[in-house]
S.K.: 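My questions all concern the structure below.
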Amino acid sequence: MTQYKSDFLRILEERGFIHQCSDPEALDEAAQNGVITAYIGFDCTATSLHAGSLLPIMILYWLQQTGHKPITLMGGGTTKVGDPSGKDESRQLLNDEQIEANMAGIKKVFAKLLTFGDGPTDAIMVNNDDWLKELNYISFLRDYGPHFTINRMLSFDSVKLRLDREQPLTFLEFNYMILQAYDFLELNRRHGCTLQMGGSDQWGNIINGMELTRRVAGNQAYALTSPLLTTASGAKMGKSASGAVWLNGDMLSPYEFWQYFRNTEDADVGRFLRLFTTLPLDEIARLESLEGVELNEAKKVLATEVCALVHSRVEADEAAETARKTFEEGAAADGLPTFTHDLGAQPGLLTVLVASGLASSNGEARRHIKGGAIKVNDVSVSDEKRVLSVSDVNAEGVIKLSFGKKRHALLQPS
RNA sequence: GGAGGAGUGCCCGAGUGGUUAAAGGGGACGGGCUGUAAACCCGUUGGCUAUGCCUACGUUGGUUCGAAUCCAACCUCCUCCA
């Protein structure tokens, strides 16, 4: 491993963010001698990013913390075309208003970790639609087509894999590479951006952009990728029982977000602490050396720290406290997901479970009751005809519903 | 343009006239064991106003008492030929 001299690369290296880097020595040099401007591209297909995007966001965080300028590139233009990589169902195409709304939602998370503004190291958010929509096919081909050889494009893993497996690769997809490369060039021209970062699966695309920038603009540029993030047991990052692990509070409560990280597998604790928190490395080393039950303490620290970064310190502490009451005291902590329901008509448990979001249909609720997964005020229920009434309301004025050991909701009588 | 093959539930994949809401596996969820972990074992894995009804095997029609299964057209993909 290279011994990096710049703060930026040294920190990324120490914390496990680096998978590949195009010219480490030169980039290290550049990062020492001045401000580098770097970008990462993000999808804007939803109003929030999810946990899978946390890793690139943290890279941008460290970039800015070490005195450089982050650019968050929103793929507004590419979103309009639709991502072709999903084979059968082509993603629904979004219109300008939706994309606009999504970008606004996503920016809320960036704003928690990055400082935006006009200063030399302030972050900026740009939308590739700004330049992609202006492109003229013929002049684009003439200006940039000569810089890409099919021979070379065919040699990229992303392409080779598809061809080897005899899966179709459409011309549209094939062109994505070029559009992405063009983004890099455009950012270089507009903002002096010299580094693109991304997941290891983006390596080929990034290299293309780097070379295009060098050929057309004559500027040295760099590529840096991070490892593809999966849990120790191989699952993709960012899915939980209740769906995607959104970063925005209005999509997923801080408490549920906290729970996601609290449930990290043992084998991932150290890695995640390095990647997703800003704790000093010696502190992390201490935490990950804990064993058995004690490691749970490290998981709580992990959950609270990540939650504090993405939401706020106050919300993180509240989430930790809610979890403590719920799991360590078995109480009905008021920070649990809460919903209101009328008890006047003595609603059936099935209906209420669906209303709470713990089950998505009566049938599912029924199965869960049969499977012994449902509790009302911590008492198992086996009767699917069970009805709720005011007599079920506990001393705190709510009814606690549980699905399994981990998911709870409070019913507030209305 | 010609000749063949394929399209099944979240995914992979069996089924080739009724007993099929559809084998098996994966994933996911729940239970057990634990530490709100992993591994392992067990269970569940269309919907509903529910001894019944509705939706579902690429799409639309047809044959039949009855179709995922047979027929026709169409759509999509793959292979070979031109």
Side-chain angles (χ1 to χ4, degrees), chain A residues 84-90 162-173 230-245 255-273 287-304 306-307 319-333 335-337 345 347-351 353-354 356-376 378-385 387 400-409:
Chain A
S85 54
K87 250 200 316 181
D88 3 84
E89 81 261 16
S90 40
R162 292 284 277 283
L163 296 179
D164 287 350
R165 277 194 244 133
E166 300 192 336
Q167 286 171 344
L169 175 74
T170 66
F171 189 61
L172 175 64
E173 289 172 280
T230 54
T231 67
S233 40
K236 265 202 202 123
M237 202 56 199
K239 281 272 164 62
S240 79
S242 38
V245 184
Y255 165 74
E256 289 169 281
F257 183 81
W258 191 94
Q259 276 299 317
Y260 177 74
F261 282 93
R262 170 61 183 82
N263 283 298
T264 296
E265 299 170 25
D266 285 12
D268 288 327
V269 173
R271 192 159 59 103
F272 285 6
L273 279 167
L287 287 168
E288 74 174 324
S289 70
L290 296 172
E291 283 181 26
V293 190
E294 303 224 299
L295 195 55
N296 283 335
E297 291 310 312
K299 291 184 189 178
K300 289 180 202 168
V301 173
L302 170 67
T304 303
V306 184
C307 196
E321 177 59 12
T322 298
R324 195 188 62 76
K325 279 189 192 153
T326 305
F327 290 96
E328 292 172 32
E329 291 178 14
L336 291 171
L349 180 55
L350 298 177
T351 311
L353 284 169
V354 172
S356 72
L358 291 176
S360 58
S361 69
N362 284 2
E364 187 182 303
R366 190 173 288 117
R367 280 198 297 274
H368 289 148
I369 290 173
K370 213 179 287 172
I374 302 296
K375 291 191 177 116
V376 173
D378 299 309
V379 178
S380 276
V381 176
S382 55
D383 177 13
E384 61 180 55
K385 297 223 166 62
V387 294
K400 181 182 178 188
L401 299 168
S402 308
F403 167 43
K405 287 182 206 152
K406 293 184 188 176
R407 300 181 61 195
H408 309 277

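Nothing here was measured: the structure is a model prediction, and the numbers come from that model. Letters A, B, ... are given to chains in the order of the sequence lines, protein chains preceding strands, and every chain is numbered from 1. Values reported hereafter were calculated over all heavy atoms of this structure, with side chains retained and with hydrogens, waters and symmetry mates removed.
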S.K.: On RNA chain B, check which nucleotide each of A/S360 and A/G371 is closest to and give me the residue with the more 5' one.
M.R.: A/G371
S.K.: Who does B/rG1 pair with, Watson-Crick or G-U, both distances under 3.5 Å?
M.R.: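 Base partner found: B/rC81.
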S.K.: Rounded to whole angstrom, note down the C1' distance from B/rA28 over to B/rG35.
M.R.: 23 Å
S.K.: Which listed nucleotide (B/rG30, B/rU36, B/rA38) is nearest to the side chain of A/A323?
M.R.: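 Per side-chain heavy atoms of A/A323, the pick is B/rU36.
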S.K.: Determine the Euclidean distance between corresponding C1' atoms of B/rU45 and B/rC12; express it in Å to zero decimal places.
M.R.: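 About 16 Å, rounded to a whole number of Å.
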S.K.: Which of the following nucleotides, B/rG47, B/rU36, B/rC48, is nearest to the side chain of A/E364?
M.R.: B/rG47
S.K.: Has the side chain of A/S402 got a donor or acceptor atom that lies under 3.5 Å from a matching backbone atom of A/G404?
M.R.: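 The answer is no, because no donor-acceptor pair under 3.5 Å joins these two groups.
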S.K.: Both distances below 3.5 Å, Watson-Crick or wobble geometry, any strand: find the nucleotide opposite B/rU51.
M.R.: none
S.K.: Please state the P separation for the pair B/rA14 and B/rU8 - nearest whole angstrom.
M.R.: 11 Å
S.K.: Kindly check if the number of other-residue, nucleotide or ligand heavy atoms within 6.0 Å of CD (A/E328) is above 12?
M.R.: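 Enclosed.
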S.K.: In whole angstroms, how far is the P atom of B/rG30 from the CG atom of A/L353?
M.R.: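 To the nearest whole Å, that distance equals 14 Å.
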S.K.: Is there a donor-acceptor pair closer than 3.5 Å between any side-chain N or O of A/T304 and the backbone N or O of A/V301?
M.R.: no
S.K.: For B/rG7, give its Watson-Crick or G-U wobble partner with both distances under 3.5 Å, or none.
M.R.: B/rC75
S.K.: Determine: side-chain N/O of A/K405 to OP1/OP2 of B/rU34, distance under 4.0 Å, yes or no.
M.R.: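 No, because none of the side-chain N or O atoms of A/K405 sits under 4.0 Å from OP1 or OP2 of B/rU34.
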S.K.: Please state the C1' separation for the pair B/rG26 and B/rG32 - nearest whole angstrom.
M.R.: 22 Å
S.K.: I want to check something: taking the side chain as every heavy atom from C-beta on, are A/V387 and A/L349 in contact at a cut-off of under 4.5 Å?
M.R.: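 In short, these two side chains do not touch, never coming nearer than 4.5 Å.
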S.K.: Quick one: the side chain of A/D266 and the base of B/rG35, do they pair up donor-acceptor inside 3.5 Å?
M.R.: yes
S.K.: How close or far is atom C1' of B/rA37 from atom CZ of A/F327, stated in whole angstroms?
M.R.: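 These atoms are roughly 13 Å apart.
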S.K.: Would you kindly give the CZ-to-P distance between A/R262 and B/rA37, to the nearest whole Å?
M.R.: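 The distance from CZ of A/R262 to P of B/rA37 comes to 8 Å, rounded to the nearest Å.
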S.K.: Considering only atom P, compute the distance from B/rC53 to B/rG15 and round it to an integer number of Å.
M.R.: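 Nearest-Å result for B/rC53 against B/rG15 at atom P: 30 Å.
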S.K.: Using atom CG of A/N362 as one end and atom P of B/rG46 as the other, report the distance to the nearest whole Å.
M.R.: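 So the CG-P distance, A/N362 to B/rG46, works out to 16 Å.
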S.K.: Taking the P atom in each of B/rA68 and B/rG9, what is the distance between them to the nearest angstrom?
M.R.: 14 Å
S.K.: For B/rU36, does the base pair up with any side-chain atom of A/E328 as donor and acceptor (N or O, under 3.5 Å, distance only)?
M.R.: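 Such a pair does not exist between side chain and base.
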S.K.: Any side-chain heavy-atom pair from A/R262 and A/F327 closer than 4.5 angstrom?
M.R.: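 They are not in side-chain contact.
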S.K.: Measure the distance from CD1 on A/I374 to C1' on B/rU44 and round it to the nearest whole Å.
M.R.: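 Result: 13 Å.
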S.K.: Check every strand shown and say whether A/K370 touches a base, only sugar-phosphate, or nothing at a heavy-atom separation below 4.0 Å.
M.R.: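 No contact.
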S.K.: Mind checking who B/rA28 pairs with, Watson-Crick or G-U wobble, both distances under 3.5 Å?
M.R.: B/rU44
S.K.: Any donor-acceptor pair under 3.5 Å linking the side chain of A/K299 with the backbone of A/T264?
M.R.: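 Checking the backbone N and O of A/T264 against the side chain of A/K299, a donor-acceptor pair under 3.5 Å is found.
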S.K.: Between C1' on B/rG35 and NZ on A/K300, what's the gap in Å once rounded to a whole number?
M.R.: 10 Å
S.K.: Can you tell me which residue among A/L273, A/L295, A/L302 is in a side-chain contact (heavy atoms from CB on, under 4.5 Å) with A/L287?
M.R.: A/L273
S.K.: Provide, to the nearest angstrom, the distance between the CD atom belonging to A/E384 and the C1' atom belonging to B/rU44.
M.R.: 15 Å
S.K.: Please report the distance, rounded to the nearest Å, between CD1 in A/I369 and P in B/rG31.
M.R.: 14 Å
S.K.: Expressed in whole Å, how much space separates the P atoms belonging to B/rU76 and B/rA67?
M.R.: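 Each nucleotide's P atom is 28 Å from the other's.
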S.K.: State which of B/rC29, B/rA37, B/rU36 makes the closest approach to the side chain of A/H368.
M.R.: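 Comparing B/rC29, B/rA37, B/rU36 against the side chain of A/H368, the answer is B/rC29.
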S.K.: Which sits closer to the 5' end of RNA chain B, A/K375 or A/W258, going by the nucleotide each is nearest to?
M.R.: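 Nearer the 5' end of the strand: A/K375.
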S.K.: Taking atom C1' in both B/rC65 and B/rC70, what distance in whole Å separates the two?
M.R.: 16 Å
S.K.: Is any side-chain N or O of A/N296 closer than 4.0 Å to OP1 or OP2 of B/rU34?
M.R.: no
S.K.: Sort out the partner of B/rA56 for me: Watson-Crick or G-U wobble, both distances under 3.5 Å, none otherwise.
M.R.: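 For B/rA56, the partner nucleotide comes out as none, under the 3.5 Å rule.
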S.K.: Choosing from B/rG35, B/rA38, B/rU36, which nucleotide comes nearest the side chain of A/L295?
M.R.: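 Looking only at side-chain atoms, A/L295 lies closest to B/rG35.
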S.K.: Only pairs with both distances under 3.5 Å count, Watson-Crick or wobble alike; so what is the partner of B/rC33 in this structure?
M.R.: none
S.K.: Checking contacts here: which listed nucleotide (B/rA38, B/rG30, B/rU36) is nearest the side-chain heavy atoms of A/E265?
M.R.: B/rA38
S.K.: Would you confirm whether A/N263, through its side chain, and A/Q259, through its main-chain N or O, come within 3.5 Å as a donor-acceptor pair?
M.R.: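 Yes, A/N263 side chain to A/Q259 backbone: donor-acceptor pair under 3.5 Å.
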S.K.: With sugar-phosphate meaning primed atoms plus P, OP1 and OP2, does A/G404 contact a base, only sugar-phosphate, or nothing at under 4.0 Å between heavy atoms?
M.R.: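 If one applies the 4.0 Å heavy-atom cut-off, A/G404 turns out to touch the sugar-phosphate alone, with no base involved.
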S.K.: Between A/R367 and B/rA28, does any side-chain N or O lie under 4.0 Å from OP1 or OP2?
M.R.: no
S.K.: Nearest to the side chain of A/V293, which nucleotide is it out of B/rG30, B/rG47, B/rG35?
M.R.: B/rG35
S.K.: So if I take every side-chain heavy atom of A/K406 and compare against B/rG35, B/rU36, B/rA38, which nucleotide ends up nearest?
M.R.: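 So the nucleotide nearest the side chain must be B/rU36.
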S.K.: What contact category does A/E294 fall into here, base, sugar-phosphate, or nothing, at under 4.0 angstrom with non-hydrogen atoms?
M.R.: nothing
